[in-house]
Amino acid sequence: MLDPKYVREHQAEVRKALEDCKSKVDLSLYLDLERRRRDLMVSADKRKARLNQASEEMSRLKKEGKDITEYRSKLSELSNEIKTVDAEITAVEKDFHEIELQICNLPHESVPVGGEEANKEVRRVGEPKKFDFKPKPHEELGLTLGILDFEKAAKVAGTRFFSLAGLGAKLERALVNFMLDQNSQKGYQEMVVPHLVNYESMETSGQFPKFIEQAFAIEKDKLYLIPTSEVPLANLHRGETFPAGSIPKKYTAYTPCYRREAGSYGKDTKGLIRLHQFNKVEMFQFVEPEKSMEALDQLTADAEDLLKKLGLPYRVVVLATGDKSFSSVKTYDLEVWLPSQNTYREISSCSNCTDFQARRGAIKFKREGGAKAELVHTLNGSGLAIGRTWLAILENYQQADGTVLVPDALQPYMGGLKMIVPAKP
RNA sequence: GGAGAGAUGGCCGAGCGGUCGAAGGCGCACGCCUGGAAAGCGUGUAGGCUCCAAAAGGGUCUCAAGGGUUCGAAUCCCUUUCUCUCCGCCA
């Protein structure tokens with residue numbers, strides 16, 4: 001959500017930014033409603049002031065034992081007028097809020113303008129390994145090794161679900177533990193959070209109302225399965241004010257993520273790339289406004305560090321205005337090298353949401369000696385998507401015979417295991 | 001799931017339908033006092049929206065949330081949410 005006052009005073013700039021984001025929001029309507037809301041409020045407040053004055057008067061008259069019948073009926077009229085205006089305000093506010101929630105965050109000046117094609121590679125780290133055989137896709141490796149199974153998952157739940165067995169499951173858990181340990185060492189507090197959240201939480205983090213179709217819903221209980229732990233983490237401090245000196249606050253959490261993937265039929269139908277359920281370790285930060293751009297670089301570096309330690313080649317891409325996420329001003333995607341696809345694929349997304357989520361959720365902080373509470377800035381980043389890391393390891397560490405080496409950093413988490421070999425039938 | 005109790009300012013806690021944004025206490029801040037501190041005394045101590053170019057100042061809203069009764073609601077009525085106690089069920 002944007003600051004209406006800012007929008008009002010920087011119309012040209014906002015209009016351009018919304019175009020760059022391919023937003024379809026009608027800014028004129030937004031401004032018009034905002035204007036009407038204030039006008040109505042002034043008119044209602046004037047009447048309320050009169051009523052309040054009269055009310056005091058009335059109380060005095062009554063004490064003096066005077067007759068107030070006539071006076072009362074006069075006020076009744078005023079009272080009704082107020083109710084009418086208030087109803088108008090409510091209606092205008094509802095319309096305004098509806099639009100307001102549809103507006104994306106304005107891109108940072110450093111973000112390239114354009115759609116997906118304008119995304120810009122920032123750096124490449126690590127050399128893709130040269131194989132002296134044709135590298136196999138992970139779904140094939142996993143199947144042969146007997147550690148990955150989609151058929152069983154499809155029977156249990158449907159398409160776009162997966163199941164892991166034996167060392168496959170163990171590798172998944174090793175990655176979770178490895179990442180949580182690493183993040184903890186970097187000052188992120190480890191958290192366990194709800195996987196089902198209410199509507200408000202989805203609204204605060206920016207999923208709702210725009211992306212409501214993408215969420216799995218438990219209608220009976222009005223709860224939603226989280227698409228990322230960003231949602232519960234962002235909402236931990238909803239409606240709160242951080243006392244002076246208590247931010248930056250950094251959290252990390254491991255949760256499954258549930259996504260309907262509506263409209264992605266036919267995309268990435270094979271393997272672990274795109275699923276209705278996957279695991280992820282997330283990083284989240286609440287920081288002071290002037291420090292958030294710097295924090296984004298640090299957060300991205302923290303995510304990169306995990307890939308470096310796992311020995312996976314990757315590149316960093318800054319997403320263009322039309323491709324960045326709804327709530328963010330700037331997003332870096334980390335893309336890991338996949339030998340079987342001969343390309344880089346997203347494995348992490350790190351965003352600075354500035355005060356966008358904070359305004360939706362009224363998340364504030366106080367400065368040392370500062371009088372007024374201000375909105376915090378929030379940042380989130382995957383550190384990392386576990387499923388995609390799992391498959392990247394299989395593909396990058398595969399050997400000609402179909403076995404897979406365990407990266408050094410993970411061996412302590414795999415009971416010292418150095419290689420994944422086919423399971424005994 | 002059944003029965004009951006409750007939700008007031010940073011915290012505790014009062015509050016006959018009118019002068020209550022709300023007594024009192026604690027905490028906190030500042031000042032006085034002191035060689036310094038404690039105690040004591042004094043003063044102050046919510047947030048949102050809005051008017052004004054801005055400051056000063058003004059208006060309005062907020063006593064869990066939403067609705068209702070009323071000229072007027074923290075106070076009465078309804079709904080919802082949350083918390084607590086007991087019973088049942090349960091990893």
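Chain letters run A, B, ... following the sequence lines, proteins first and then strands; every chain starts at 1. Keep in mind it's a predicted model, so treat the numbers as computed, not measured.
Between A:Tyr251 and A:His237, the gap from one ring centroid to the other is short of 6.0 Å. Checked against the 6.0 Å centroid criterion, the rings of A:Phe162 and A:Phe278 do not qualify as a close aromatic pair.
Rounded to the nearest Å, the gap between the C1' atom of B:A22 and that of B:G47 is 15 Å. Here, B:C87 and B:C28 have their P atoms 41 Å apart, quoted to the whole Å. One P atom belongs to B:G72, the other to B:G31, and the distance between them is 47 Å to the nearest Å. Here the separation of B:C41 from B:A54, taken at their P atoms, is 44 Å to the nearest Å. Rounded to a whole angstrom, the distance from the C1' atom of B:U8 to that of B:A23 is 12 Å. Nucleotides B:U83 and B:C78, compared at atom P, are 23 Å apart to the nearest Å. Separating the C1' atom of B:G25 from that of B:G13 is a span of 8 Å, rounded to the nearest Å. Taking the C1' atoms as reference points, B:G15 lies 43 Å from B:C90, given to the whole Å.
Atom-to-atom, OH of A:Tyr199 to C1' of B:U81 comes out at 17 Å; the value is rounded to the nearest Å. When the C1' atom of B:G10 is taken as reference, atom CD of A:Glu240 falls 13 Å away, rounded to whole Å. Residue A:Glu200 contributes atom CD, which lies 12 Å from atom C1' of B:C82 at whole-angstrom precision. Following rounding to the nearest Å, A:Leu375 (CG) and B:G47 (P) show an atom-to-atom distance of 14 Å. The CZ-P distance, from A:Phe242 to B:G10, rounds to 17 Å in whole Å. If you take NZ of A:Lys222 and P of B:C82, they are 11 Å apart, rounded to a whole angstrom. The separation between A:Asp86 atom CG and B:G72 atom P is 12 Å, rounded to whole Å. A straight line from CG of A:Leu75 to P of B:C71 spans 9 Å, rounded to a whole angstrom.
Contact annotation: A:Asn52 reaches the phosphate of B:C61 (side-chain N/O to OP1 or OP2, under 4.0 Å). Within the 4.0 Å cut-off from OP1 or OP2 of B:U70, not a single side-chain nitrogen or oxygen of A:Lys83 is found. For A:Arg37 and B:U50, the shortest distance from a side-chain N or O to OP1 or OP2 is below 4.0 Å.
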Next item on the list: Could you walk me through whether A:Thr228 and A:Lys280 pass the side chain to side chain donor-acceptor pair (under 3.5 Å) test, one step at a time?
Entry: CA-CA 8 Å; A:Thr228 158; A:Lys280 184 154 65 75; 2.9 Å; yes
Could you pull out all donor-acceptor pairs under 3.5 Å where a side-chain atom in residues 89-101 of chain A meets a protein atom, sequence neighbours excluded?
unit_1: A:Thr90; atom_1: OG1; unit_2: A:Asp86; atom_2: O; d: 2.8
unit_1: A:His97; atom_1: ND1; unit_2: A:Glu100; atom_2: OE1; d: 2.9

All N/O donor-acceptor pairs, side-chain side in residues 139-149 of chain A, below 3.5 Å, sequence neighbours left out:
unit_1: A:Thr144; atom_1: OG1; unit_2: A:Glu140; atom_2: O; d: 2.7
unit_1: A:Asp149; atom_1: OD1; unit_2: A:Glu151; atom_2: N; d: 2.9
unit_1: A:Asp149; atom_1: OD1; unit_2: A:Lys152; atom_2: N; d: 2.9

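With a cut-off of 3.5 Å on both pairing distances, B:U69 has no Watson-Crick or G-U wobble partner at all. The partner of B:A38 cannot be assigned: no Watson-Crick or G-U wobble pair with both contacts below 3.5 Å exists in any strand. Nucleotide B:U75: unpaired (no Watson-Crick or G-U wobble partner with both distances less than 3.5 Å). Taking a pair to require two hydrogen-bonding distances under 3.5 Å in either a Watson-Crick or a G-U wobble arrangement, B:A91 remains unpaired. Nucleotide B:A23 forms no Watson-Crick or G-U wobble pair with any nucleotide shown, as no partner meets the under 3.5 Å limit on both distances. Nucleotide B:C28: paired with B:G44 (Watson-Crick or G-U wobble, both distances less than 3.5 Å). Of all nucleotides present, only B:G2 satisfies the Watson-Crick or G-U wobble test against B:C86, with each distance under 3.5 Å.
Checking side-chain atoms of A:Ser79 against main-chain N and O of A:Leu75 turns up no donor-acceptor pair under 3.5 Å. Distance alone, capped at 3.5 Å, is enough to place a donor-acceptor pair between the A:Gln214 side chain and the A:Glu261 backbone. A donor-acceptor contact shorter than 3.5 Å is absent between the side chain of A:Thr204 and the backbone of A:Ser201.
A:Ser76 comes within contact range of the sugar-phosphate backbone alone, with a heavy-atom separation under 4.0 Å but no base atom that close. In this structure, A:Leu78 reaches neither bases nor backbone, as no heavy-atom distance under 4.0 Å exists between it and the strands shown.
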Please tabulate, one pair per line, each protein N/O and nucleotide N/O from nucleotides 51-55 of chain B that are separated by under 3.5 Å, including the distance.
unit_1: B:C51; atom_1: OP1; unit_2: A:Arg38; atom_2: NH1; d: 2.8

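Taking every side-chain heavy atom of A:Met58 into account, B:G18 is the closest of B:U60, B:G18, B:U69.
In this model, a donor atom of one side chain and an acceptor atom of the other lie less than 3.5 Å apart for A:Ser349 and A:Asp333.
Stacking of A:Lys249 on the aromatic ring of A:Phe286 is not recorded, the 6.0 Å distance cut-off and the 45° axial limit not both being met.
Mapping A:Glu56 and A:Pro4 onto RNA chain B by nearest heavy atom places A:Glu56 closer to the 5' end of the strand. Summary of the strand contacts: A:Ala44 and A:Ser79 both lie near RNA chain B, and taking for each the nucleotide with the nearest heavy atom, the more 5' one is attributed to A:Ala44.
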